[in-house]
Every structure is written in C-alpha cells, then in structure tokens.
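Take a look at the structure below.
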Amino acid sequence: MKNLRDFTYEELLEEVRELGEKPYRAEQIYGWVYRKCAASIDSMTDVSKALRERLKESYTIEGPNVLEVKTSFDGTKKFLSELSDGSRIESVLIPEGDRLTLCVSSQAGCALGCRFCMTGLSGFTRNLTLSELNGQVFAAKGLLGEGEAITNIVLMGMGEPLNNYDNVLRFVSILTDGKGFGFSHNKVTVSTAGLVPGIRRLGAEANINLAVSLNATTDEVRDRIMPINKKYPLDELLDALRGYPHNGKKHVTIEYVMLANVNDSVEDARRLARLLRGIPCKINLIPFNPFPGSRYQAPDNQRVSTFSKVLQDSGYFAIVRASKGADIQAACGQLKGRYEELEAGEEGAG
Ligand code: SF4
C-alpha cells in the first residue's frame, strides 16, 4: 500500500493521472490530506465514492504512532513517535511569546557524532521518509490546544537534514505550499552541522532560512567536537555561508553551543566576530545543557554574558537562548528517541 502522505503535489498529480482521473482530483485529495488533515480516505466526502473505493485498494493514510508526550514546566512539549520499523524519533513543540515552533527530526539517529549531542552519541538508524516528516506535523497538530497554531517549523531535531536532502526538500515544498501546510518561506528553517555541498544546493533550490551549528572558532576545536569539520573545515563552511542567498526576509542563523572551557573564552568571541565578517546573520548563543554521561559542562553565566557583549560590541545581533524544555530533555542536543520508562526507574539517557 502507498501512503497518501508520501506525495508532494506534483507526485500526487502523476498518481492521479496514472489512475486515469482528471488533474483536479489530485488537488482535492492533496487538500484533504494536508489542509484538512484527513485521517482516512473515507472522510474525503467530496471525492466520488467510486474513486474512494479505488484509492482504498492501493493507498492508505498513515503516520507514526505517538508513544509518549512530556510537557515541561515552561510549556514545551516533547513527543516520542514510533515508526513502522520500530525506530523511534522525538519532536518538540516550543512556545515562545506569540510563536509556537515545531522542531522536527529528519533522521532516526544521526551519523555525524557531534560530541556534545545525545542524538549523535546514539548512532544512526536511517533517513525518515516524507510521510514520517509530515507525520510529525500532523502529530503536533493533534497536541494543540484551543486556538493554538504552529507558527514556525525548524528542522533541528534528531539527524542532519542535509544528509536526507531529497526528502527534506520535498517536505519543505509541502510546508510552504499554499495548497499544503501553507507556512510562509521565512517561517521554515533547516539546520545543518555544516555540509557544504548541501548548503550550496539548498541556497540554489529552496527559499528558506538556514541555521548552522558552528560551535567553534578554530578547526582544532571544531574537529574535536564536530567530526564533520574534518571533511568541511571552517574556511569552506564560511565560504558557503557567504554565498548563501540573503534576499528578502530569509536569513542565516549561527548556532553556537557554549561548552565550559572549550569554546567560551573572550578570544573565541573575538575570533567568531572576525570569522563571521561579511555574512549577514544573527547569532544564537546556547549554553550547553548537560545530560547524564555527557563529558561537557555548562559555561558560567559571567562567561556567557561577556561572550555575548563582545559580539554585540562588534555589531552582531547575538542573543542567549534560554533553554526550553531542559527538564524533559527536549533542549538542543538532548533528543535521543529512546522510550524512557521513568516510572520503572530505568534511565533512558546517556
Ligand atoms: S548536533 Fe545535529 S548533526 Fe550533530 S550529531 Fe546531533 S543531530 Fe547530528
């Protein structure tokens, strides 16, 4: 059976053609799947009964099974979903002022092995399919309260989105399609650890925001905490960022996870300011959230504010991101996807 959540509009048009149906049927079905969040083919009441019966012979509408939802004291919700092969992924809904951001996972696990990231330390299983990417949006919608709506989507959960490039791009096309989920382009952000060819391709093929997890100001430190740096060192990465199109409201965000006594010195702040010269960007400073078994510590507040001030004095828009959902391990780098039997006292992290 094929899953109707596994098609972009153009792909669905092709399916409908192959069924010998008129193109407008694709628009109808697509609207039911994405705008009306239909959970079954039977619910597509303006599609003829005969076509619904034909669809049911070869198609289904399915999504990952949500196993667990945890809510933080700050309102952040983390949900754990099980995929058809038993893999598990986590997604996070983060309220912040008038924004409600959904953080989507792009892979089950991650192969990049960043040393400060729980996902990276847990290994890689596989890329997510389009319906598994879409499924996180549908699942999140099911958790919304009265009058709530998701305002922003960030691909910043488990996995390296640019290592699942084709499915991520198809997902982005549905997110930003007025006939699909209908988010504006400047509300969608793909975050990468620095895959240079993927950054260049994304800049040419998608009109969305880019976030880069930079986290170091020398190759020596970055090699140590992010092995991907050995393949795409800082000068190549920064060159790709200089070439990323910065038109309209689209922007580049530099994510900088601050690790105590690793990358949080005044010299690092000054070097960062020099490295980013010529790249229109804003900088998010993220004090590390230690997890059980992690080898790094959170920086002290004084070092964080000094670091931030150096950047601001150099003319950058730099903000310290308050960690959301740290109490439920939903903060940056804390997603792991393992079901935590907390009541049974089994520790699921680290
Ligand atoms: S920080 Fe991102 S890219 Fe690095 S290991 Fe974690 S999930 Fe993968």
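Read the numbers this way: they start at 1 and go in the same order the structure lists the ligands and their atoms. The figures that follow rest on heavy atoms only: side chains count, while hydrogens, waters and symmetry mates do not.
- With distances taken over non-hydrogen atoms, the option nearest atom 7 (S) of ligand 1 out of G159, G120, G194, S213 is G159.
- Ring pair F181/F138: centre-to-centre distance below 6.0 Å.
- Aromatic ring centroids of Y30 and F7 lie 6.0 Å or more apart.
- The same ILVMFWY cluster, assembled from side-chain heavy atoms under 4.5 Å apart, contains both L259 and L234.
- Remark: ligand 1 atoms within the under-4.0 Å shell around heavy atoms of G113 are 5 (S).
- Contacts of C114 with ligand 1, taken as heavy-atom pairs under 4.0 Å, involve both backbone and side chain.
- Residue C117 has at least one heavy-atom neighbour below 4.0 Å for each of these atoms of ligand 1: 1 (S), 5 (S), 6 (Fe), 7 (S).
- Every atom of ligand 1 with a heavy atom of C110 under 4.0 Å away is listed here by number and element: 3 (S), 5 (S), 7 (S), 8 (Fe).
- Residues R126 and E132 are paired through a salt bridge, judged by an N-O separation under 4.0 Å between the basic side chain and the carboxylate.
- Side chain of E11 to backbone of T8: a donor-acceptor contact under 3.5 angstrom is found.
- Each of the following atoms of ligand 1 lies closer than 4.0 Å to a heavy atom of A193: 3 (S).
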